[in-house]
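Just so you know, ligand 1 is whichever comes first in the structure, and atom 1 is the first atom listed for that ligand. What you are looking at is a predicted structure, and each value in this text was computed from that prediction instead of being measured. Values below: every heavy atom of this structure, side chains too, minus hydrogens, waters and symmetry copies.
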Amino acid sequence: MQRTPLIAGNWKMHTTIAEAEELAAAVAVASHGLADREVMIAPPFTALAAVAKVVAGSPVRLAGQNVCWAEKGAFTGEIAPAMLRDAGATMAIVGHSERRHVFGESNAMINKRLAGARAAGLIPILCIGETLEEREAGRTFAILETQLREGLAGIAGDDPAAVVIAYEPVWAIGTGKTATTEQAQAAHAFVRGVLAELYEKNIASQMRILYGGSVNSDNVDALMAQPDVDGALVGGAALKPESFARIIRFL
Ligand code: PEP
């Protein structure tokens with residue numbers, strides 16, 4: 001069973017086009033020659049096409065930070081899967097905690113986004129994670145299971161590379177507070193168990209589960225050493241070229 005690690009940078013609502021080009025160039029240099037891992041960045045939509053030119057010929061993949069389910073139409077403020085592809089993206093983040101908690105996106109809506117991305121040939125990264133309140137109430141696994149089952153409803157499990165899961169405890173995102181390696185591994189093992197129920201065990205064992213939540217150059221190695229941690233979704237540290245370069249080069 002082979003799971004190629006994926007280091008993904010989520011730039012959120014940061015960077016002008018010029019700043020994005022500069023940062024992407026640094027990521028392309030840092031990714032040069034790394035055959036045993038994948039690197040992805042999710043710039044703001046406005047910078048995608050420009051960044052695609054910068055990373056062309058490098059192994060760096062591009063993602064949208066969100067994606068609509070519809071192909072086109074009256075969806076003001078949304079981006080269609082084909083538009084992301086047109087701009088150079090091959091992946092799309094769906095269900096990020098900021099989409100869930102700041103913009104009120106439900107599991108049902110996230111499921112539609114994921115299905116739309118899949119149908120267009122984009123690889124969705126489905127983000128799931130519990131709040132601090134939910135963790136303290138002992139509901140972490142129940143929340144993760146619901147987010148997985150509802151987020152993946154109707155999604156075929158024929159290709160284990162076609163969907164990526166990101167476990168991102170909400171209390172660890174942008175807070176500087178990382179889950180312990182034990183907490184991360186326990187959640188990832190649980191997620192893989194649910195995937196094995198949804199799909200086949202053989203498929204679940206090949207699906208990638210990323211950890212996200214204050215990943216930085218100091219904690220990445222220990223997190224990546226966990227057996228069920230297959231990569232990282234990185235926010236703040238992805239905006240710092242040296243930090244992200246070190247995260248890409250995790251040991
Ligand atoms: C994220 O944006 O998904 C994230 C995990 O952010 P940070 O690394 O800043 O916690």
Check your understanding: Should side-chain heavy atoms under 4.5 Å link Ile, Leu, Val, Met, Phe, Trp and Tyr, which residues sit in the same cluster as Phe75?
Key -> Trp69, Met109

Check your understanding: Any idea which part of Ala172 is under 4.0 Å from ligand 1, heavy-atom wise: side chain, backbone, both or neither?
Key -> backbone

Check your understanding: Any N or O on Gly212 sitting closer than 3.5 Å to an N or O of ligand 1?
Key -> no

Check your understanding: For Gln147 and Asn107, does a side-chain donor sit closer than 3.5 Å to a side-chain acceptor?
Key -> no

Exercise for review: Check whether any side-chain heavy atom of Gln226 sits under 4.5 Å from a side-chain heavy atom of His188, and report yes or no.
Suggested key: no

Point to revise | ligand 1 N/O within reach of Val234 N/O, cut-off under 3.5 Å | key: no

Exercise for review: Return yes or no for this condition: an N or O of Gly236 is under 3.5 Å from an N or O of ligand 1.
Suggested key: yes

Review point. Looking at His96, which atoms of ligand 1 are within less than 4.0 Å of one of its heavy atoms?
Key: 1 (C), 2 (O), 3 (O)

Check your understanding: Between the main-chain N or O of Cys127 and the side-chain N or O of Arg100, is there a donor-acceptor pair closer than 3.5 Å?
Key -> yes

Review point. What do you reckon, does Ser214 put a non-hydrogen atom under 4.0 Å from ligand 1?
Key: yes

Study note, to complete from the structure: Of all protein heavy atoms, the one nearest atom 3 (O) of ligand 1 is Glu168 OE2, 2.6 Å

Exercise for review: Any pair with a residue in residues 44-72 that passes salt bridge (Lys or Arg N to Asp or Glu O under 4.0 Å), sequence neighbours left out, goes on the list, sorted by first then second residue, please.
Suggested key: Glu38-Arg61

